[in-house]
Amino acid sequence: MQQYDPLAIEEHWQEVWETTDANRMTESDEKPPFYVLEMFPYPSGDVHMGHVRNYTIGDVISRYKRMQGFNVLHPIGWDSFGMPAENAAIQQNSSPATWTYTNIERQRTSLKRMGFSYDWSRVVITSDPEYYHWGQWIFLKFWEMGLVERRSSPVNWCPSCSTVLANEQVLGEGHCWRCKTKVEKRELEQWFFKITNYADELLDDLDELSGWPERVKQMQANWIGRSVGADVVFTLCDENGEPTEETITVFTTRPDTLFGCSFFLLAPEHPLAHQLTAGTQYEAGVKAVRAAVENETTIEREKAEREKSGAFTGRFVVNPINNEKVPVWVCDYVLMDYGTGAVMAVPSGDQRDFEFARKYGLPIPPVVVAKDDALYPELANVQERTVNEVPWTEAYAGAGIMVQSGEFTGLAGGKDSPGSAAVIDWLAARNLGEPSINYRLRDWLISRQRYWGNPIPAIHCDACGIVPVPYEDLPVILPLDIDVTAGQKLADNKEFYEVACPVCARPAHRETDTMDTFTCSSWYYLRYTDPLNRTLPFDPQTVDTWLPADQYIGGIEHAILHLLYSRFFTKGLRDAGLLGGKGAPDLLQHGEPFKNLLTQGMVKLNGEVMSKSKGNVVAPESIVGRYGADTLRVYILFMAPPDKDLEWSQEGLDGIWRFLNRIWRSVHDLLGERVVDAENNVLSIYDESITPAAAAERSKELNREIHRVIGKVKDDVERFNFNTAIAAIMELTNTVSSYLKIARELRDEQLCTRAAEALALLIAPMAPHFAEELWCKVLGRSEQGSVHRQPWPEFDPAQALADMIELAVQVNGKVKARITVALDATEADIKTEACGAVAELSQGVEPKKVIVVKGKLVNIVL
RNA sequence: GCGGGCGUGGCGGAACGGCAGACGCGCUAGCUUGAGGGGCUAGUGUCCGAAUGGACGUGAGGGUUCAAAUCCCUCCGCCCGCACCA
């Protein structure tokens, strides 16, 4: 017997698979399609344990589905544009392209070394012109559709990186994620994708995604943040307190509390804040509030614990519902970019307004009161306001009864209440308001003032304005001769920058912003289906046969950004007529790209996430070089269910190494080979006391175990319980080991072969090289082809059952005895048998009830 | 504050209302002609007992049920996401 030598075996089979194109998806196949997709890596150095975990899970599913008879699409690629490449290039005095492509090759080698069954003919690299060409094409298409906008907006600007940043790229105290510089706020003209056009659909279609984790759907729903309510029109008064023609509209989710509005708030940046106070005694106070807010980022400002502050503007507005004049204040907790930047303050019903009112001595009239509140008896059915203060320590935002609310008094108040509806109707009838919906979701700022990204295909012409690059001029090639280490930018490259206007042919210049890398990763899974297409991003029909992806696997960190953007892209491309046509799967017609989503847990060491900066990484290559890829794969699958975090343990790894070696020896032994250890000591020890009859009994038992485990592994793999699937294979291995105690001449030879086959086939998706070696070499089945092309072993439930089974006998729910009965024993027989077994305990008392749970237990109730 | 998730041996974790702790790690003892990331055998939740055995046991308390780690209620603790969104 050869010793198990993973390094030699793995190298050999990787070479064979490569030269025989073993994993190429065969499009002409009659088999049903199955698309297994894993989040593609960013090439920042070599692959880490997180990648290994992600891709091992995907590979097991792919290989299992192939054995189940599916035509599996299992692609890989690289998300290779982005700022880290520029950082690294500057640091290492290299270029982003060199750094990126060097890392891609390194990762490609590592991924192949892991034995992942990717179709390497479909690799997509986002920084290749063949790919980003079509990103630009989609940009132009979206532009045509009105989904692209260039507009001015307050944004986060990093002066050191000289680019805008997304909100999520601004860390804790308002520092740039990359250089830690304090981020500034600037009003800048930028490019946006109008993802808000799809806000309702993105929210509503979450209900269609039954294969997604609840948590991810909830996070997206929160992010979109739909609020249903009304716009209400207030009239502005002049400096003498007389109503003018001018109005200010506010958004509220609680129209039912309108009678409780005792002041009115403007965001400090609101144009009116300045306008109303210019040259007055109030100007200084308002400016101070604005100045305090000015240097803060939105994120800083949103901290709930901050004490609220504000200033009176000297002006009033008229509340449309009761014609009451209420003072206008500027305050720091009203955001300019949500709603209208103005708010009606109802301190009795909103905690923030409550705190503000208490601080500045403003009235707090109760208008919606809970029935069990001390105030209720006094105020029930009181229409005119008499009470302007509440004895409360906080606002009451719950449902209740409207009081002091004129004709609406007595109606039920609260969110989406009859009271709200009645107030909206009243306002709408008088043109003073209307139903309205607001979203927390903002349009997607996609422009970056960075070099290493996909150029935005637009041209600035003094005569024609901003014009799109014509489709036929695509791609706009990103020049590679930019020296980022010398601080060069795209605008410094004349060949790129200076261009003739496509409309008037006069000298013009190219847009020098590039697109956010998230635009590249928003459609790569579509390109995989048709990676070589030279006329379109992909062929619509091909996409319609493969999408939605049957299984998407990746980290929870993309729960919102990437997964939301991808959903938006797919919906946009559907509306462009590029996918999800008639006959396409229902989900795809909804514009949903991913049918089932699995978010894998993190790999940790001593309770901490492995990271380079903490210096606590275990490099996959260090494990693969010693134990081989198969041991690492099985280990990572065995240690925890895929969606849970995994705590790295060297001892656990050794356990898997021993497990594979045990299978290795058992299979050789089953096939009649002499089993020896590394020092050539014979390891087979027979138990001479086993009689032929006992051996026959053990053969039956082994046969049952083979079938039970085949069924169990199938169930477990389909539910992604890889850890219990492996545990079941371990159990089979244990049964085999004990069977091998039987002297060779007493073994059932055919059964031995079947056991060896089963072990090779069942472990194949998890330990592909190991299984291939067992199948082709040890079992000598190479003429049947690769183990990975074999059909999954048939599960025969009948063969998994024993003739006699053991049942637990409970008395009042506690196990007191065990009985062995025939598999087909009648319920009456079982009852009699069970009662007999516990006769002593029941002492002649007639059982009240006897419950028989088939195949499991009997419970006797006394 | 809102939303989601989770509490099971020394550890990782099993148990689609039906024998809690599968499987693995670790540990103990023995064997393998001498001892080390090897193999085999037996054992390993806690307490009582020399033992057959018995009692207790899934964060705490209550409930539903013939039967609860699992379902319901209350509480405690931990993790994650969002958070001045009007």
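Order of the sequence lines fixes the chain letters, A, B, ..., with proteins taken first and strands second; residue numbering starts at 1 for each chain.
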If you measure from the [atom1] atom in [N] to the same atom in [M], how many Å do you get, rounded?
N	M	atom1	answer
B:G39	B:C48	P	35 Å
B:A15	B:U8	C1'	10 Å
B:A83	B:G77	P	25 Å
B:C79	B:A14	C1'	22 Å
B:G63	B:G26	P	44 Å
B:G18	B:A67	P	14 Å
B:C27	B:C76	C1'	33 Å
B:A22	B:G59	C1'	23 Å

Measuring from the side chain of [X] (C-beta onward, heavy atoms only), which nucleotide among [options] has the closest atom?
X	options	value
A:K849	B:A86, B:C66, B:C85	B:C66
A:M730	B:U41, B:G24, B:G38	B:G24
A:Y338	B:A55, B:G12, B:C85	B:C85
A:Y627	B:A86, B:A67, B:G37	B:G37
A:D654	B:C66, B:G37, B:A86	B:G37
A:F251	B:G4, B:C19, B:A86	B:A86
A:T724	B:A22, B:C19, B:G81	B:A22
A:A727	B:A86, B:C19, B:A22	B:A22
A:T253	B:A86, B:G37, B:G3	B:A86
A:N859	B:A67, B:G3, B:A86	B:A67

Whole-Å distance between [N] [atom2] and [X] [atom1]?
X	N	atom1	atom2	value
A:E651	B:C23	CD	P	20 Å
A:L807	B:A67	CG	C1'	15 Å
A:K308	B:A86	NZ	C1'	12 Å
A:R442	B:C85	CZ	C1'	8 Å
A:K856	B:C16	NZ	C1'	9 Å
A:N222	B:G4	CG	C1'	9 Å
A:E557	B:C80	CD	C1'	13 Å
A:R226	B:A86	CZ	C1'	18 Å

Please determine if a side-chain N or O atom of [X] lies less than 4.0 Å away from the OP1 or OP2 oxygen of [N].
X	N	value
A:R658	B:G38	yes
A:N734	B:G24	yes
A:R352	B:C85	yes

Centroid-centroid under 6.0 Å between A:W329 and A:Y360 rings: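 Yes, they do, as the ring centres are separated by less than 6.0 Å.
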State the pairing partner of [N]; accept Watson-Crick or G-U wobble contacts with both distances under 3.5 Å, and report none otherwise.
N	answer
B:C11	B:G24
B:A60	B:U74
B:G53	B:C48
B:C16	none
B:U33	none
B:G1	B:C82

Using a 4.0 Å heavy-atom cut-off, does [X] contact any base of the nucleic acid, only the sugar-phosphate backbone, or nothing at all?
X	value
A:V343	base
A:E214	nothing
A:D715	nothing
A:P641	sugar-phosphate
A:G655	sugar-phosphate
A:R719	nothing
A:Q351	nothing
A:S649	nothing

What orientation do A:W664 and A:Y4 show, parallel under 30°, tilted 30 to 60°, or perpendicular over 60°?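 Answer is tilted, since the angle falls between 30° and 60°.
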Quick one: sort the A:H558 and A:H562 rings into parallel, tilted or perpendicular, breaks at 30° and 60°. perpendicular
At less than 3.5 Å, do the side-chain atoms of A:R215 and the base atoms of B:C80 form a donor-acceptor pair?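 Check fails, no donor-acceptor contact within cut-off.
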Polar side chain donor-acceptor pair, A:D443 to A:T196, under 3.5 angstrom: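 There is such a pair (donor and acceptor under 3.5 Å, judged by atom type) between the side chains of A:D443 and A:T196.
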Taking side chain as C-beta onward, heavy atoms only, is A:V334 less than 4.5 Å from A:L266? no
Would you mind reporting whether A:D630 and A:P6 have side-chain heavy atoms less than 4.5 Å apart?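 Side-chain contact under 4.5 Å: no.
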Please determine which of A:T257, A:D256, A:T252 meets the side-chain hydrogen bond (donor to acceptor under 3.5 Å, both in side chains) test together with A:R254. A:D256
Residue from A:W657, A:Y627, A:W648, A:F659 passing ring-ring contact (aromatic ring centres under 6.0 Å, His included) with A:Y635: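 Filter result, single survivor: A:W648.
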Determine if the base of B:G7 is syn or anti; take syn to mean the glycosidic torsion is within 90° of 0. anti
Do the numbers put A:K308 on top of the ring of A:Y333, so that NZ or CZ is under 6.0 Å from the six-membered ring centre and no more than 45° off the axis?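 The answer is yes, since A:K308 meets both limits relative to A:Y333.
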Most 5' of A:D645 and A:N438 on RNA chain B, judged by nearest nucleotide: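 Nearest nucleotide further toward 5': that of A:D645.
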Report the residue (A:E731 or A:W657) whose heavy-atom-nearest nucleotide on RNA chain B is the more 5′ of the two. A:E731
Considering only NZ, NE, NH1 and NH2 on the basic side and carboxylate oxygens on the acidic side, decide whether A:R708 and A:E731 come within less than 4.0 Å.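 Result for this pair is yes, salt bridge flagged.
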